[in-house]
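Structure first, then comments.
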Amino acid sequence: MDNWTKGKGGTKGVLSWRRYIPFALVLFFGALLSVLSFVTVKHWELDRIQMELERRAGNMTKTIEKGIARNLEVLHAIGNLYAASREVERQDFRAFVTRYISYYPEIQALEWIPRVRDSEREAYEEAARKDGFADFQITQQKNQGNMVRATRRLEYFPVYYVEPLKGNEAALGFDLASNPTRLEALKRARDW
């Protein structure tokens, strides 16, 4: 038999072991309570973080939605300008959109992009030259940003008016239909 139950000091061994039971129980329950408290607080904190994230995301979504709605109002206003006019000249476009650009700092530029049939190409290019753009031509991107005269197609969608012009000169004449991704977006917009 072992020393805990019988023999010399057997009773003393059992008694000395029993006096550690309360400490062991306190240690065990203290550790268990600490783990449970940690898990509970962790869940509370994760829930709080999730709620804060959802609140902030909701605020950002509302801000973005408001910005998009404001910008769509500008596009509708430009559409109304064209609907109410027989012809919108370059200076009319500039005068109309300059106000919006100054009121809406998120708008980097506003452009008018007409649908130009190949049979109308020369007339559009000549009219732009008469407006003061001596080298105007409908262009496409060749490589590494190099712009070249657009290859012949049935139709073009060139940037014909752009405001502000300063800083956006390279866009003037660029045929959006020369880029497959933009052409697809143009087709979707047309069909919408």
ring-ring contact (aromatic ring centres under 6.0 Å, His included) contacts in which one or both residues fall within residues 45-102, not counting sequence neighbours: Y82-W112, F93-Y161, F96-Y100
Pairwise distance CD(E111) to CG(N168) - rounded to 0.5 angstrom: 7.0 Å
Cluster overlap F29 with I21, hydrophobic side-chain contacts below 4.5 Å: yes
Non-hydrogen atoms of R115 and E120 that approach each other most closely: O-OE1, 4.0 Å
CG-CG distance between L176 and L186, expressed to the nearest 0.5 angstrom: 5.5 Å
Rounded distance [0.5 Å steps], CD in Q137 versus CD in E125: 6.5 Å
Electrostatic pair E184-K187, nearest N-O below 4.0 angstrom: no
Linked, directly or transitively: V39 and F28 (ILVMFWY side chains, under 4.5 Å): no
Contact summary for P164 and A109, nearest pair of heavy atoms: CD-CA, 4.1 Å
pair P158-Y124: side-chain heavy atoms closer than 4.5 Å: no
E45 CD: over 12 foreign heavy atoms closer than 6.0 Å: yes
Any side-chain heavy-atom pair of S178 and R153 under 4.5 Å: yes
Distance, nearest 0.5 Å, that separates OG1 of T151 from CD of Q140: 4.0 Å
E169 to K166 - nearest heavy-atom pair and separation: OE2-CA, 3.3 Å
N71 side, atom CG; E106 side, atom CD - distance, nearest 0.5 Å: 4.5 Å
CG on L32 to CG on L25, rounded to 0.5 Å: 12.0 Å
Atom of V159, atom of I113 and distance for their closest heavy-atom approach: CA-CG1, 4.0 Å
Linked, directly or transitively: L27 and L36 (ILVMFWY side chains, under 4.5 Å): no
same_hphob_cluster(Y103, I107) at 4.5 Å side-chain heavy-atom cutoff: yes
Verdict with supporting geometry, F133 and Y160, ring-ring contact (aromatic ring centres under 6.0 Å, His included): CA-CA 11 Å; F133 300 98; Y160 201 66; 8.8 Å; no
same_hphob_cluster(F157, V148) at 4.5 Å side-chain heavy-atom cutoff: no
Result block: side-chain N/O donor-acceptor pairs under 3.5 angstrom for residues 51-60, not counting sequence neighbours:
unit_1	atom_1	unit_2	atom_2	d
E52	OE1	R55	NE	3.3
E52	OE1	R55	NH2	3.4
E52	OE2	R55	NH2	2.5
E52	OE2	R56	NE	2.9
E54	OE2	Q50	NE2	2.9

Salt bridge (charged side-chain N to carboxylate O under 4.0 Å, His left out) between R70 and E73, intermediate numbers included: CA-CA 5 Å; R70 283 171 34 116; E73 287 175 13; over 6 Å; no
Partner of Y156 under side-chain hydrogen bond (donor to acceptor under 3.5 Å, both in side chains), chosen from D118, T139, D175: D118
Min side-chain heavy-atom separation M147-K142 under 4.5 Å: no
